[in-house]
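These notes are about the structure you will find just below.
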Amino acid sequence: MSRRARLLIGALLLLCGLVLVVHLLAGDNVAVLRPAGIVAEKQRNLLLFAGVLSLIVILPVFLLTFFIAVRYREGNTKARYTPEWDHHPLLETLWWGIPIAIIVVLAVVTWRSSHDLDPTKALVSSQHPLTIQVVALQWKWLFIYPEQHIASINYVQFPVDRPVTFRITSDAPMNSFWIPQLGGQIYAMSGMSTQLHLMANRAGNYNGSSANLSGSGFADMKFMAHASSEAEFNNWVNTTQKVPDTLNATTYDVLARPNIAAAPFSYNVSDSALYDTIVMKYMMPTDGMTQ
């Protein structure tokens, strides 16, 4: 194969790779790159910043690798042998100095963003936060609204531009709560209550899922997060408060049995301390008590 043919094939492969990457990033397949909330937007920007900064090193390395492989191949008799370059002051400064500078910049950005995007840090807003308690079950998600006295399975709704405080626990193996277009994941653990603050800045339906393997039904442990207007949210709350099914300690024991929910459904809630009971039951003595 001629040199020109090899170069043409290499260029075509590189072009195909770039087209594929652009297609994936520009399409609707990557949810984290299509943020619908202020937290997810900051995380997306941080991801892109780190990626672009890393390309300052990655692209020259790949280009030089291709250039060196072609220029200093065995068949190229015109390539000049320069062994003294192994300690070239300028080149040494470049290939050590640039990565060190990038690492320093990334360290500063990571430090600041880690504090700014702390999942326990409340979001700044003039709106009163909506509290939603989340329980990871096998294999479904239970959402409890303590102020509205309602609950739902595999469906959560909240108003646009209103902060939402998720209090998250698990009554099953450790899990992970994630709505990619609104923010990063956080773990749900038995006997613990973690927090996640999110806020949607546009109405829509956003897919949520489990981001941690939790058993045979893990793949079906998905839910829908619906960001709506305040009026639509209030109508949903009023409708849900009138459903005939009541969630209390007895019905919860049935709900918590391992199975996959066929479709989202709702409850009115009569036990306001249900979430705390779920968390505390893993902290109490087990003698003579059912878990």
Side-chain angles (χ1 to χ4, degrees), residues 31-32 36-37 39-40 119 129-159 164-200 204-228 233 236-237 240 243 245-249 251-269 271-279 281-282:
V32 294
V39 175
L130 171 67
T131 299
I132 302 177
Q133 299 165 340
V134 184
V135 183
L137 300 171
Q138 290 181 300
W139 288 273
K140 49 192 170 289
W141 293 96
L142 170 63
F143 299 94
I144 304 173
Y145 295 73
E147 298 173 359
Q148 289 76 22
H149 305 290
I150 60 173
S152 57
I153 294 294
N154 289 345
Y155 178 84
V156 59
Q157 184 169 337
F158 41 80
V164 181
T165 300
F166 290 100
R167 296 180 59 201
I168 304 166
T169 192
S170 174
D171 196 6
M174 186 174 76
N175 218 297
S176 181
F177 177 80
W178 191 25
I179 309 175
Q181 286 186 260
L182 297 183
Q185 64 87 29
I186 192 165
Y187 285 105
M189 295 168 280
S190 302
M192 297 183 65
S193 181
T194 54
Q195 285 192 22
L196 181 64
H197 296 272
L198 300 176
M199 182 166 64
N205 292 321
Y206 306 110
N207 294 321
S209 66
S210 165
N212 192 77
L213 290 171
S214 58
S216 61
F218 158 76
D220 295 298
M221 199 169 173
K222 301 173 183 178
F223 63 91
M224 179 61 65
H226 179 54
S228 66
F233 171 73
W236 176 74
V237 170
T240 306
V243 298
D245 297 318
T246 299
L247 184 63
N248 51 37
T251 54
Y252 174 79
D253 287 340
V254 176
L255 176 66
R257 295 172 184 169
N259 60 63
I260 298 170
F265 55 94
S266 303
Y267 296 97
N268 67 75
V269 178
D271 185 356
S272 59
L274 181 60
Y275 178 84
D276 294 330
T277 301
I278 296 169
V279 175
K281 78 176 186 177
Y282 288 93

For [X] and [Y], which heavy atoms make the closest approach, and how far apart are they?
X: Lys222; Y: Ala219; result: CE-O, 3.1 Å
X: Thr169; Y: Met189; result: OG1-O, 3.2 Å
X: Pro264; Y: Tyr155; result: CB-CB, 3.9 Å
X: Asp271; Y: Val269; result: O-CG1, 3.4 Å
X: Gln181; Y: Ala31; result: CG-O, 3.5 Å
X: Ala261; Y: Asn154; result: CB-ND2, 3.5 Å

Measure the [atom1]-[atom2] distance between [X] and [Y] for me, rounded to the nearest 0.5 Å.
X: Ile153; Y: Lys140; atom1: CD1; atom2: NZ; result: 7.0 Å
X: Gln138; Y: Arg257; atom1: CD; atom2: CZ; result: 13.5 Å
X: Leu255; Y: Asp253; atom1: CG; atom2: CG; result: 9.5 Å
X: Thr251; Y: Tyr267; atom1: OG1; atom2: OH; result: 6.0 Å
X: Ile278; Y: Ser193; atom1: CD1; atom2: OG; result: 10.5 Å
X: Ser170; Y: Leu137; atom1: OG; atom2: CG; result: 7.5 Å

Would you say [X] and [Y] make side-chain contact, with heavy atoms under 4.5 Å?
X: Thr240; Y: Ser266; answer: yes
X: Ser216; Y: Trp139; answer: yes
X: Phe177; Y: Gln185; answer: no
X: Pro180; Y: Tyr206; answer: no
X: Ile144; Y: Leu274; answer: yes
X: Tyr252; Y: Leu247; answer: yes
X: Ile168; Y: Tyr187; answer: no
X: Leu142; Y: Val134; answer: no

| field | Flag if over 12 foreign heavy atoms under 6.0 Å of CE, Met174 | value | yes
| Is the count of non-hydrogen atoms from other residues, nucleotides or ligands lying under 6.0 Å from Trp178 atom CH2 greater than 12? | no
| task | Show the numbers, then the answer: is there a side chain to side chain contact (heavy atoms under 4.5 Å, CB included) between Trp141 and Ser152? | result | CA-CA 8 Å; Trp141 293 96; Ser152 57; over 6 Å; no
Any side-chain donor near an acceptor of the partner, [X] and [Y], under 3.5 Å:
X: Ser214; Y: Asn175; result: yes
X: Asp171; Y: Tyr282; result: yes
X: Tyr145; Y: Glu147; result: no

| query | Sequence neighbours excluded, which residues qualify as side-chain hydrogen bond (donor to acceptor under 3.5 Å, both in side chains) partners of His197? | reply | Thr165, Gln195
| query | Among all residues two or more places apart in sequence or in another chain, which pass the side-chain contact (heavy atoms from CB on, under 4.5 Å) test with Asn207? | reply |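 For Asn207, the residues satisfying side-chain contact (heavy atoms from CB on, under 4.5 Å) (neighbours in sequence not counted) are Met224.
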| query | So, are Lys281 and Asp276 salt-bridged, with charged N and O less than 4.0 Å apart? | reply | no
| task | Might you work through the side chain to side chain contact (heavy atoms under 4.5 Å, CB included) test for Gln148 and Leu130, ending with a clear yes or no? | result | CA-CA 10 Å; Gln148 289 76 22; Leu130 171 67; 3.6 Å; yes
| Do Phe233 and Phe158 have ring centres separated by under 6.0 Å? |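 No.
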| request: Please report the C-alpha distance between Phe143 and Phe223 in whole Å, then the side-chain angles of each, then the deciding distance to 0.1 Å, and finally whether the ring-ring contact (aromatic ring centres under 6.0 Å, His included) criterion is met. | output: CA-CA 10 Å; Phe143 299 94; Phe223 63 91; 5.2 Å; yes
| said: As a quick check of understanding, evaluate side chain to side chain contact (heavy atoms under 4.5 Å, CB included) for Val39 and Leu182, giving each step before the final call. | reply: CA-CA 6 Å; Val39 175; Leu182 297 183; over 6 Å; no
| query | After noting the C-alpha distance and the side-chain angles of Ile150 and Trp236, does the key distance pass the side chain to side chain contact (heavy atoms under 4.5 Å, CB included) rule? | reply | CA-CA 10 Å; Ile150 60 173; Trp236 176 74; 3.6 Å; yes
